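Just follow the structure's listing: the first ligand is 1, and inside any ligand the first atom is 1. Numbering of residues begins at 1 and proceeds along the displayed sequence. Bear in mind the structure is a predicted one, so any value in this text is a computation, not a measurement.
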Amino acid sequence: MMNQQIHNTAATPAIYFMAADRAPGPVDAGNHQRDINNTNERCHLQGSPTHAAVIGLGLSGLAAAVFLSKQGLHVDVYDSSNKPVLRQQLEQQLPDVQIHCGSLAVEHWTDDSLLVVSPGVPLSHPDLAPLLATGVRPVGDVELFAQCVQSPVIAITGSNGKSTVTALVGEILQHAGRRVAVGGNIGVPVLELLDDDENTIYVLELSSFQLETTWSLKPAIAVVLNIAADHMDRYQAMDDYIATKIKVYQGSDKVLINLDETSLLQGLQMQQNDKEQILFSSAMPENEQDYGLADINGVVYLYRGDKPLIAADEIHLAGQHNLLNVLAAWALAGSVGVTDSLIKEAVTEFKGLPHRMELLYQINGVDWINDSKGTNVGASVAALNGLHAPVILIAGGIAKDADFTPLREAVEQHVKAIILIGRDAGKIQDAVSDVVSTSLAADMSDAVAQASVLAEAGDVVLLSPACASFDMYQNFEQRGDDFRLWAGRLV
Ligand code: UMA
Ligand code: ADP
């Protein structure tokens with residue numbers, strides 16, 4: 001068979017503004033030189049602070065510092081690192097802001113100060129303890145956004161599928177001619193999205209880290225897509241993680257709930273829920289407004305009530321988990337008034353995001369698939385279950401205290417061999433070495449070389465690490481790009 005290089009035309013996470021003052025279409029989410037705060041209006045921040053200590057000089061810390069300075073606050077920025085990557089950028093944009101490196105212990109604090117903590121900084125950080133012990137309530141960038149936003153927000157959280165659903169909802173709304181701004185955990189800090197146009201609809205991907213420091217958000221609709229163990233190095237137990245995720249429902253007008261998620265439903269029972277509910281699940285829906293799947297004569301369809309919406313084979317995303325993602329996106333876009341026909345057009349156009357089950361190459365009958373965004377066990381299990389060919393799996397990285405035993409069943413069913421990379425390779429090896437052949441690789445080039453020896457025509461080589469990438473790479477994108485590079489040399 002001919003060797004083929006697959007050109008993925010999928011958009012990277014982007015902000016879309018549909019308005020006369022901006023060219024329609026995506027704005028490069030990686031370009032942080034742009035005017036990062038579009039709002040001209042002052043907003044009334046709770047407590048009317050005059051000074052802010054911004055903790056963490058990453059993307060969200062930089063955006064918060066810019067936003068708060070524009071709001072007239074005096075800003076100090078703190079970072080544990082002695083060389084924060086965005087230091088120069090902050091100095092260029094805000095020469096008057098003082099940057100404190102090497103410690104997060106806040107030096108100047110008054111009754112009019114505000115503590116703004118970046119999502120990647122745990123609230124349990126010892127440097128923050130003295131201030132938090134005095135009763136100071138930390139806020140995150142999403143909380144600041146929530147205190148200022150005037151127009152509707154669609155809020156999306158969950159363990160897996162957030163970026164896919166967020167991007168798809170953004171595409172659907174853009175296709176429907178709405179003025180839409182897409183951001184949050186997907187890579188564009190929410191404060192960069194704020195503008196003064198009341199027609200803007202915000203589509204936000206929210207992580208549990210961001211929800212920890214958010215109280216005032218009142219989404220038009222919110223969803224927790226699913227729950228799988230993740231970030232167990234930050235949460236004491238699953239209950240804490242779930243409780244943080246379901247905070248997204250608190251201020252929401254409507255709630256979209258995944259009926260398949262029993263652990264989530266148990267968590268929700270703890271909350272009084274008198275809101276308008278839309279349900280989705282992998283079964284045929286029972287109520288007119290709910291969404292689900294049904295197999296009619298061997299063909300799977302997506303349904304709302306008893307209305308078939310689209311056949312699964314018209315959707316260009318692999319795996320049942322992606323059908324649930326599409327159901328969720330359909331329900332979210334439908335709830336703000338987009339018609340089924342426009343949603344269907346956008347869904348059939350959507351090719352998925354890079355680094356999520358992205359088919360890179362077909363080399364001598366072997367598919368090379370990049371699922372570098374598979375950063376927890378649930379994601380990699382879903383990836384494996386969506387494949388119908390023998391798999392050589394490349395996995396490993398930072399385990400985040402995960403339990404890898406749930407990988408065993410999917411590995412037994414789908415995987416011929418596992419090649420392990422990264423710091424916690426041994427933990428995965430311990431969990432699965434009695435059900436599959438495992439080997440260790442020194443780096444990605446070695447892993448790809450080993451995979452190319454093992455793979456035969458009809459097999460899939462899948463990078464789905466079930467781990468974070470920070471031991472070897474800056475982020476999951478860099479890891480996926482490295483896989484693409486080494487696999488590409490085999491073409
Ligand atoms: N820092 C400290 N002390 C610490 C930890 C971090 O000073 O103890 C500093 C670092 O030195 C660095 C800065 O904080 O300078 C980084 O801040 P950050 O980790 O909060 O990252 P940001 O660049 O602000 O990016 C954050 C999200 N990162 C995290 O939640 C870890 C990005 O999600 C998000 O896209 C961005 O805001 C815009 O909203 C990334 C992520 O990995 C993709 N998210 C996790 C996930 O998806 O699993 C939750
Ligand atoms: P997130 O933003 O929550 O990390 P993504 O859309 O980026 O989600 O997908 C990350 C990975 O999770 C994908 O590579 C895929 O393997 C897996 N995944 C996507 N959607 C789901 C889902 N609904 N259930 C389980 N796993 C999923």
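- The aromatic rings of Phe483 and Trp368 are tilted relative to each other, their planes meeting at an angle between 30° and 60°.
- Against a heavy-atom cut-off of under 4.0 Å, Leu59 is close to the following atoms of ligand 1: 22 (P), 23 (O), 24 (O).
- Counting heavy atoms under 4.0 Å from ligand 2, residue Ser464 does not touch it at all.
- For ligand 1, the atoms lying closer than 4.0 Å to a non-hydrogen atom of Gly184 are 35 (O), 38 (C), 39 (O).
- Checking each of Thr375, Ile428, Leu420 against Cys467 for a side chain to side chain contact (heavy atoms under 4.5 Å, CB included) leaves exactly one that passes, namely Ile428.
- With a heavy-atom cut-off of 4.0 Å, Val165 does not touch ligand 2 at all.
- Contacts of Asn160 with ligand 2, taken as heavy-atom pairs under 4.0 Å, involve both backbone and side chain.
- Of all atoms in ligand 1, numbered sequentially from 1 with element shown, those under 4.0 Å from a heavy atom of Leu104 are 3 (N), 7 (O).
- Between Asn185 and ligand 1, an N or O atom pair is found at a separation short of 3.5 Å.
- Counting the atoms of ligand 2 from 1 in the order shown, those under 4.0 Å from a heavy atom of Gly374 are 14 (O).
- A side-chain donor-acceptor contact under 3.5 Å links Thr157 to the backbone of Leu206.
- A cation-pi geometry, defined here as NZ or CZ lying under 6.0 Å from the six-membered ring centre and within 45° of its normal, holds between Lys247 and Trp215.
- Ligand-side atoms of ligand 2 in range of Asp371: 13 (C), 14 (O), 15 (C), 16 (O), range being under 4.0 angstrom from any heavy atom.
- Summary of contacts: the protein heavy atom closest to atom 16 (C) of ligand 1 is Gly58 CA, 3.8 Å.
- Checking only distances, Lys373 does come within under 3.5 Å of ligand 2, N or O to N or O.
- Those atoms of ligand 2 that come under 4.0 Å of a heavy atom in Ala382, given as number and element, are 25 (C), 26 (N).
- Considering backbone and side-chain atoms together, Asn325 places an N or O closer than 3.5 Å to an N or O of ligand 2.
- Residue-level proximity to ligand 1 for Ser60 is carried by backbone and side chain together, each with a heavy atom below 4.0 angstrom.
- A distance-only check finds no donor-acceptor pair linking the side chain of Asp290 to the backbone of Ile278 [under 3.5 Å].
- Looking at atom 28 (N) of ligand 1, its nearest protein heavy atom turns out to be Pro119 CG, 4.5 Å.
- There is no side-chain donor-acceptor pair under 3.5 Å between Asn376 and His231.
- In the vicinity of Ser80, heavy-atom distances shorter than 4.0 Å reach the ligand 1 atoms 2 (C), 3 (N), 4 (C), 7 (O), 8 (O).
- Between the side chains of Lys254 and Ser335, not a single donor N or O lies within less than 3.5 Å of an accepting N or O.
- For Asn226, the closest heavy-atom approach to ligand 2 falls below 4.0 Å.
- Interface atoms of ligand 1 facing Val121, defined by a heavy-atom separation under 4.0 Å, are 1 (N), 2 (C), 3 (N), 4 (C), 5 (C), 6 (C).
- Inclusion of Ser207 in the set of residues having an N or O under 3.5 Å from an N or O of ligand 1 is not warranted.
- At least one heavy atom of Ser159 sits under 4.0 Å from some atom of ligand 2.
- Ring to ring, Phe67 and Phe145 are not that close: their centroids are 6.0 angstrom or more apart.
- Tyr473 and Asp482 are linked by a side-chain donor-acceptor pair at a separation below 3.5 angstrom, with hydrogens and angles left out of the test.
- One N or O on the side chain of Tyr361 and one on the backbone of Arg484 form a donor-acceptor pair closer than 3.5 Å.
- For atom 21 (O) of ligand 1, the nearest protein heavy atom lies 4.0 Å away or farther.
- Looking at ligand 2, you'll find an N or O of Gly161 within less than 3.5 Å of one of its N or O atoms.
- Taking a cut-off of under 4.0 Å to the non-hydrogen atoms of Arg356, the atoms of ligand 2 that pass are 5 (P), 7 (O), 9 (O), 13 (C), 14 (O).
- Residue contacts with ligand 1, taken as heavy atom pairs separated by less than 4.0 Å, do not involve Asp230 at all.
- Remark: side-chain polar atoms of Ser380 are not paired, donor with acceptor, to backbone N or O of Val377 under 3.5 angstrom.
- In this structure, atom 21 (C) of ligand 2 lies nearest to the protein heavy atom His321 CD2, 3.4 Å.
- Set against the non-hydrogen atoms of Gly56, the atoms of ligand 1 under 4.0 Å away are 14 (O).
- Of all the atoms in ligand 1, the ones that sit under 4.0 Å from a non-hydrogen atom of His125 are 8 (O).
- In terms of protein heavy-atom proximity, atom 19 (O) of ligand 1 is closest to Gly120 CA, 3.3 Å.
- Tyr301 and Asp313 share no donor-acceptor pair across their side chains, judged by distance under 3.5 Å alone.
- In this structure, the side chains of Ser60 and Pro119 come closer than 4.5 Å at one or more pairs of heavy atoms.
- Defined by atom type and a distance below 3.5 Å, a donor-acceptor pair is missing between the side-chain atoms of Tyr291 and Ser281.
- A side-chain donor from one of Asp403 and Thr405 sits under 3.5 Å from a side-chain acceptor of the other.
- Ranked by closest heavy atom to atom 42 (O) of ligand 1, the top entry among Tyr78, Phe209, Phe470 is Phe470.
- Closest protein heavy atom to atom 15 (O) of ligand 1: Asp79 OD2, 2.6 Å.
- At a heavy-atom distance under 4.0 Å, atoms from both the backbone and the side chain of Ala379 approach ligand 2.
- Residues Gln98 and His100 form a side-chain contact, since some pair of their non-hydrogen atoms from C-beta on lies under 4.5 Å apart.
- Here is the list of ligand 1 atoms found below 4.0 Å of a heavy atom in Gln210: 39 (O).
- Atoms of ligand 2 lying under 4.0 Å from at least one heavy atom of Thr164, given by number and element, are 5 (P), 6 (O).
- Rounded to the nearest 0.5 Å, atoms CG (Asn322) and NE2 (His316) are 12.5 Å apart.
- Without hydrogens or angle criteria, Asn226 side chain to Ser159 main chain gives a donor-acceptor distance under 3.5 Å.
- Salt bridge Glu212/Arg234: present, at least one basic N to carboxylate O contact under 4.0 Å.
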